[in-house]
Every structure is written in structure tokens, then in C-alpha cells.
*Asks:* 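Below is one structure. I have some questions about it.
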Protein chains: 2
Amino acid sequence: MMNQLADAQAAFGSDEEFSIRDLCDAFDVTPRALRFYESQELIMPRRDGQRRIYTLRDRARLKLILRGKRFGFSLAEIRELLNLYDLGDGQVTQLSLTLETALGKLDELKERREEITAVIGDLENQIGLVRNMLRERGESQVS
Amino acid sequence: MMNQLADAQAAFGSDEEFSIRDLCDAFDVTPRALRFYESQELIMPRRDGQRRIYTLRDRARLKLILRGKRFGFSLAEIRELLNLYDLGDGQVTQLSLTLETALGKLDELKERREEITAVIGDLENQIGLVRNMLRERGESQVS
DNA sequence: CATGACGCTTACGTAAACGTCAACTCAAAA
DNA sequence: TTTTGAGTTGACGTTTACGTAAGCGTCATG
């Protein structure tokens, strides 16, 4: 029947807390993956007894994890990136050192963006070529 | 920067050839990796007896392979991309079908570029925050 | 009360992308 | 001619990022 009642506790507690399933559904990942990220110290949800409780902050971290993966970063590298974002939370240790790391990562990211731009350009050229071939042969059936 | 197609076509009529070591040194990969890519049909150098001989076209393909990897594409996906570039070489089969695939990949690439731009923006914000914290605390001791 | 549905941990399995090592070929150098 | 150096083919090992199955606890509903 009303499976939503299962969310009753979360509803009472707060609007900003999520079960493992909530996050899985929201980001299309498996519980196994989330537990694995936790074992790798990428997310650290608090516990209600055994059960994991995720906050909005955990959500944001997960978002970054999945983004990082799409760019070919390893989970270890992603953990580094995540640590950079933690600075806003009040941690002050070795701030300037971390700043260096951040600037490095920033350069890396910008270089990657240039690369992807180059690939996009090449691919657009190729597509132009193919379109010409189709036109010349009068076989153009695609927009 | 010249695009990959230009590189590949320059190979036409040219007699520039490379050993496996040449390519390894040029792109900082191991022979094992190149042989593996070959087993996955990403590069197909011709043989002089047993030995592999790579052309400029193979070089261009390798460049694309390594780029693709940096963006988290699997070798299987990269093979698809490479096949798109092969069209310039005279293959005409199922042109319009391939065009569809190419357009799809193009969208995917553009979306990734937007994502990476977002990440860059976030990181720049974080860096700004850290710089402020350093300034306010007057603890900026490391360059 | 029992039966799922969901979650937990522990542990082994797996696919991708190579690394590593052994054993061989083959041509050039010593 | 022996050695050396570069290249080759298996075959097995390794790391990453999970999948999968076993076995258990916990509720909420039939």
C-alpha cells in the first residue's frame, strides 16, 4: 500500500536527509556503489543504528563523484577534489598547501576542456565531410 | 593546432613510418599497451615480417585513443569514434547511419564540455574562498 | 506470526586495461 | 660466431570499480 510511510521518519526528521535508496534512485547508482564509495572514504553518511543517512552535502559530493568519473578521474583523484571542497566547512589545516593543489587541478581541468574542444572541432569537420559526400551522391536522407 | 584528419591525410603519399618504440616514446605508452590496442582493433599497423610498422595515420589514431581515455571513454567507445574518422578514407557504407552516430557523439561531447566548465567554475569559487580565508587570517606564509 | 521488502556486513567473483615474465626470432654489432 | 638488442607471442598477475551471493537483523503488512 502506502510505501511512502517508510519515509515517515525522514519526513519527521528533516527534508534534507535521504536513505540509500533515495540517492540510488536520484542518481541511478546501485547501493553497492554507494557503499563502495564510503569504503573509499568519498562519502561518510552518519548512521541511524546500522542504516546510512545521507545529507544534502552527501548528495552534492555524490554528484561530484559521478561527474569526476565521467572525465576519467579515478576514485582516488576524486577524493582529492572532494577534499578541496571541504575547506568551506571550516577546516583550516594546511590551507595554502591545499590551494596549490587546487590551482594544479584547475589547470588540469582547463587543459582537458581545451582538448575536448579540439575533439569537438575535428568531429564537426568529419560530419561536414560526410554531409558533403551524401549531398554529392544525392543520397541525403538525414537532416 | 591542426586537426587529426589533416594528420591522417598527410600520411597519404608520405613514407613516414614508425617502430613500436617510436610511438611509445612519443606518447609515453608501453609496447604492451599498443599491442593491446591492436588486439582490440583500435590500431592496425601493417607488418614487416613480425614487426609492426606504424604510419602517420596510426599516430593520429593513437592520439585520439589517449585523448578519449582521458575523458573516461572505454576502448570500445573509442573504437566507435575512430570508425567515424575512417570515413575520410573512402569508406562509404551506411554513411547516413554513421552520421547519426556522429551527431550523437557530438552532443555527448558538448555536454561533457559544459559539465567540465561547471566544475571549473565551482573550483574557482572554492579557490576564491580559500584565498579570502588566508587573507583574513594573515596566515599566508607559503607562496 | 510469517512473509516480504529493505538494509547491513563479509567475502568471493568479474570485466577492463594493462603489467610482468618467460621463451622465441632475427638482424646487427663485437 | 657469439652476443646483444629490439621486437614478438602467449600466459598469468594486478588494479580499479564495482557485481553477486550468503547470511543476518528489522519492520510493516497480510
*Asks:* Of the listed nucleotides (dC18(D), dG7(D), dC8(C)), which one gets closest to any side-chain atom of Arg51(B)?
*Replies:* dG7(D)
*Asks:* For dT9(D) and Arg47(B) - does any side-chain N or O of the residue sit under 4.0 Å from the phosphate oxygens OP1/OP2?
*Replies:*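 Arg47(B) to dT9(D) OP1/OP2: side-chain N or O found under 4.0 Å.
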*Asks:* Specify the separation, in whole Å, of atom CD1 of Ile53(B) and atom C1' of dT8(D).
*Replies:* 14 Å
*Asks:* For dC18(C), does either OP1 or OP2 sit under 4.0 Å from a side-chain N or O belonging to Thr30(B)?
*Replies:*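 Result: no.
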*Asks:* Is any side-chain N or O of Arg32(A) under 3.5 Å from a base N or O of dG19(D), one able to act as donor and the other as acceptor?
*Replies:* yes
*Asks:* Side-chain N or O of Ser19(B) versus OP1/OP2 of dG7(D): is the shortest distance under 4.0 Å?
*Replies:* yes
*Asks:* To the nearest Å, how far apart are Leu75(A) CG and dC18(D) C1'?
*Replies:* 9 Å
*Asks:* From CZ of Phe36(A) over to C1' of dC8(C), roughly how many Å is that when rounded to an integer?
*Replies:*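 So the two atoms are 18 Å apart, to the nearest Å.
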*Asks:* Under 4.0 Å from OP1 or OP2 of dG7(C): is there any side-chain N or O of Arg52(A) that close?
*Replies:*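 For Arg52(A), the contact criterion (side-chain N or O under 4.0 Å from OP1 or OP2 of dG7(C)) is not met.
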*Asks:* Give the rounded distance in Å between these two atoms: CZ of Phe27(B) and P of dC18(C).
*Replies:* 15 Å
*Asks:* Could you state the CD1-C1' distance from Ile78(B) to dC18(C), rounded to the nearest angstrom?
*Replies:*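 The answer, rounded to whole Å, is 13 Å.
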*Asks:* Could you check how far CZ of Arg70(B) sits from C1' of dA17(C), rounded to whole Å?
*Replies:* 16 Å
*Asks:* Measure from CZ on Arg46(B) to P on dG7(D) and round the result to the nearest Å.
*Replies:* 16 Å
*Asks:* If you group Ile, Leu, Val, Met, Phe, Trp and Tyr by side-chain heavy-atom gaps below 4.5 Å, do Ile53(B) and Leu56(B) land in one group?
*Replies:* no
*Asks:* Does CD belonging to Gln40(A) count more than 12 external heavy atoms closer than 6.0 Å?
*Replies:*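 It does: Gln40(A) CD has more than 12 such atoms within range.
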*Asks:* Quickly work out the Leu34(B) CG to dA6(D) P distance and round it to whole Å.
*Replies:* 16 Å
*Asks:* Checking the side chain of Asp22(B) only, and the main-chain atoms of Ser19(B) only, is there a donor and an acceptor separated by less than 3.5 Å?
*Replies:* yes
*Asks:* State whether Lys69(A) places a side-chain N or O below 4.0 Å from either non-bridging phosphate oxygen (OP1 or OP2) of dC18(D).
*Replies:* yes
*Asks:* Looking at side-chain heavy atoms only, is the closest gap between Ile116(A) and Leu109(B) below 4.5 Å?
*Replies:* yes
*Asks:* Reading DNA chain D from 5' onward, which residue's closest nucleotide shows up sooner: Arg35(B) or Ser74(A)?
*Replies:* Arg35(B)
*Asks:* Go nucleotide by nucleotide along DNA chain D from the 5' end; which of Asp22(B) and Tyr37(A) gets its closest nucleotide reached first?
*Replies:*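 Its nearest nucleotide lies further toward 5', so the answer is Asp22(B).
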*Asks:* Could you tell me whether the side chain of Arg112(A) and the main chain of Arg70(B) form a donor-acceptor pair under 3.5 Å?
*Replies:* yes
